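As structure tokens, the structure follows; a few thoughts come after it.
The first residue in the sequence is number 1, and the count goes up from there. A quick note: this is a predicted structure, and the numbers were derived from the prediction, not measured. As the structure lists them, so they are numbered: ligands from 1, and atoms in each ligand from 1.
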Amino acid sequence: MIDIQKIREDFPILQRKVYGKPLVYLDNAATTQKPRVVVDSITEEYYSVNANVHRGVHFLSQQATELHEGSRKTVRDFINAQSTNEIIFTRGTTESINLLAFSFGEEFIKPGDEIMISAMEHHSNIVPWQLLSSRKGAVLKIIPISDQGEILMDEYQKLFTDRTKLVSITHVSNVLGTINPVREIINIAHQHDVPVLLDGAQAIPHIKVDVQELDVDFYAFSSHKVYGPTGIGVLYGKEKWLEKLPPYQGGGEMIQSVTFEKTTFNELPFKFEAGTPDYVGTTAFAKALDYVSAIGIEAIAQYEHELTQYATRQLKQIEGLRIYGEAADKGGAISFLVGDIHHFDLGTLLDRLGIAVRTGHHCAQPLMQRLGITGTVRASLGLYNTKEEIDILVAGIQRITNMF
Ligand code: PLP
């Protein structure tokens, strides 16, 4: 059982008022708010530990390194990776996917090879593959989805050819909320000897992710969507894959030795981490993961599931409201439109009532084209949201629709 009032007290920003109204923060898919332990960790480390990691013999540098590498262990445990060698720190999901697109592309993609993504991807799981395709002459294949917002599994199977080199797909859709059947998606890809990258940006904060159980080859996610600081992300990769991939960026930290003639690269995971990492951020990120673990990701998933069902039921009572994304297995991102009210107008008026939602294409323009719309209003839930806040949202929408 989640003690929601106690949790809310951990997030000072939730006490804020906007336009004189209590803040109702329903934009968690864009970014989550931060508990006090996360923010305190940043201040404390800068005040009492700060020193560059890995290279120093002095006390502070060693302490900072211990914290930074300790965070890597926290991430490893959180997703149940086999080794810290498989945890690469990046700036976020976007950089994780770009890293893989570059390094995997350099090693494995030849002209005519195929990469598969789905019709419900975020731009950050589309554009890096397009860049790779134009660089290497590869072909992007798109797995179609149903009107409910589910992957068409038969179509997916049919897209495999002997040129398929990688499947890259979102674990949970940031627009439709769909939780994709990733176990099955991975099994099918593996039957064709094709590795899979999951974009876990919207999964990690909400559901249990066990990379070994999933048998997923690569997994990308962002700290700021799971109550941690901005500017940190993770690329998980099976060691057997990461060992085969060339570095993404060159610089300090990622080398073993450098002469003007030749450079040899550092071991995993440092081979992929050029330059000074955001070591203060990684410590705070680990605090966020510890915070989530202390509540329990299963308890969070259960609570958010109930909240999503409640929100969906209540929203459906509103005349003229249409929900986009009605998959059987669905997380807490709810996209909708009401009558012919423009999503931007609805979002702006909700904002005046203190309700933070997101409007627009949600960085998924091809999905909007598939749905035949230009955008939606999206309410997305986090572990601190309540039924009362859903009621405020519903009452707000009702008030606005009466005005139109
Ligand atoms: N993938 C999905 C499904 C997302 O929802 C997002 C962010 O909204 C991203 C990728 C990009 O994450 P970031 O901006 O943290 O790199």
Side-chain angles (χ1 to χ4, degrees), residues 25-34 38 75 79 88-102 117-131 142-143 145 149-151 167-180 182 185 196-207 209 216 218-236 248 278 281-282 284-285 288-289 304 324-325 327 329-335 356-368 370-371 375-382:
Y25 187 77
L26 296 171
D27 194 19
N28 293 286
T31 199
T32 53
Q33 300 303 345
K34 318 304 169 200
V38 167
V75 175
I79 61 171
I88 302 161
F89 283 126
T90 64
R91 285 192 301 120
T93 309
T94 304
E95 191 176 53
S96 299
I97 298 175
N98 275 280
L99 187 167
L100 189 72
F102 178 83
I117 62 173
S118 87
M120 66 170 88
E121 299 308 318
H122 188 281
H123 294 162
S124 65
N125 197 26
I126 302 173
V127 185
W129 304 113
Q130 282 175 334
L131 291 173
I142 314 299
I143 312 159
I145 59 170
E150 292 174 319
I151 297 275
V167 173
S168 185
I169 201 164
T170 194
H171 192 166
V172 175
S173 161
N174 65 314
V175 177
L176 307 164
T178 312
I179 303 175
N180 282 317
V182 290
I185 286 169
V196 177
L197 165 69
L198 291 180
D199 170 353
Q202 299 296 341
I204 280 284
H206 306 296
I207 55 178
V209 173
V216 67
F218 305 100
Y219 200 93
F221 58 102
S222 301
S223 150
H224 72 100
K225 293 191 197 281
V226 58
Y227 312 102
T230 52
I232 306 285
V234 170
L235 177 67
Y236 159 82
Y248 170 50
D278 184 354
T282 53
F285 177 28
L289 295 180
E304 290 181 351
Y324 292 87
D329 202 5
K330 210 185 141 171
I334 308 172
S335 274
V357 291
R358 191 146 291 244
T359 66
H361 54 62
H362 315 293
C363 295
Q365 285 181 347
L367 173 59
M368 294 298 132
R370 164 67 181 83
L371 299 172
T376 70
V377 178
R378 181 188 68 190
S380 54
L381 308 174

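- Residue Ser222 has at least one heavy-atom neighbour below 4.0 Å for each of these atoms of ligand 1: 12 (O), 13 (P), 15 (O), 16 (O).
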Practice prompt. List the steps, then state whether side chain to side chain donor-acceptor pair (under 3.5 Å) holds for His362 with Thr376.
Written response: CA-CA 8 Å; His362 315 293; Thr376 70; 2.7 Å; yes
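- Residue contacts with ligand 1, taken as heavy atom pairs separated by less than 4.0 Å, involve Lys225 solely via side-chain atoms from C-beta onward.
- Remark: side-chain polar atoms of Arg370 are paired, donor with acceptor, to backbone N or O of Ile145 under 3.5 angstrom.
- The distance criterion of under 3.5 Å between nitrogen or oxygen atoms is met by Thr94 with respect to ligand 1.
- Side-chain contact between Thr93 and His122: absent, with no pair of heavy atoms (C-beta onward) separated by less than 4.5 Å.
- Here the CG-CD1 distance, from Leu198 to Ile97, works out to 10.0 Å after rounding to the nearest 0.5 Å.
- Ring geometry, Phe89 versus Phe285: the interplanar angle exceeds 60°, so the pair is classed perpendicular (tilted spans 30 to 60°).
- In Thr93, the parts holding a heavy atom less than 4.0 Å from any atom of ligand 1 are both the side chain and the backbone.
- Residue Asn174 has at least one heavy-atom neighbour below 4.0 Å for each of these atoms of ligand 1: 5 (O).
- Summary of contacts: the protein heavy atom closest to atom 3 (C) of ligand 1 is Asp199 OD2, 3.5 Å.
- Between Asn125 and ligand 1 there is no heavy-atom distance shorter than 4.0 Å.
- Note: no N/O pair closer than 3.5 Å links Glu95 and ligand 1 by distance alone.
- At least one heavy atom of His224 sits closer than 4.0 Å to an atom of ligand 1.
- Close approach to Thr170 involves these atoms of ligand 1, each under 4.0 Å from a residue heavy atom: 3 (C).
- In terms of modelled atom types and a separation under 3.5 Å, the side chain of Ser118 and the main chain of Met120 share a donor-acceptor contact.
- Considering CG of Leu371 and OG of Ser335, their distance stands at 8.5 Å, rounded to 0.5 Å.
- For the atom pair CG (Asp199) and CZ (Phe221), the distance works out to 11.5 Å, reported to the nearest 0.5 Å.
- Interatomic distance, Ile126 CD1 to Cys363 SG, rounded to the nearest 0.5 Å: 9.5 Å.
- The single protein non-hydrogen atom nearest to atom 4 (C) of ligand 1 is His122 CD2, 3.3 Å, given as residue, atom name and distance.
- Across Ser223, Ala333, Ser124, Ser173, heavy-atom proximity to atom 9 (C) of ligand 1 is greatest for Ser124.
- The distance from ligand 1 to the heavy atoms of Gln202 drops below 4.0 Å at these ligand atoms: 3 (C), 4 (C), 5 (O), 8 (O).
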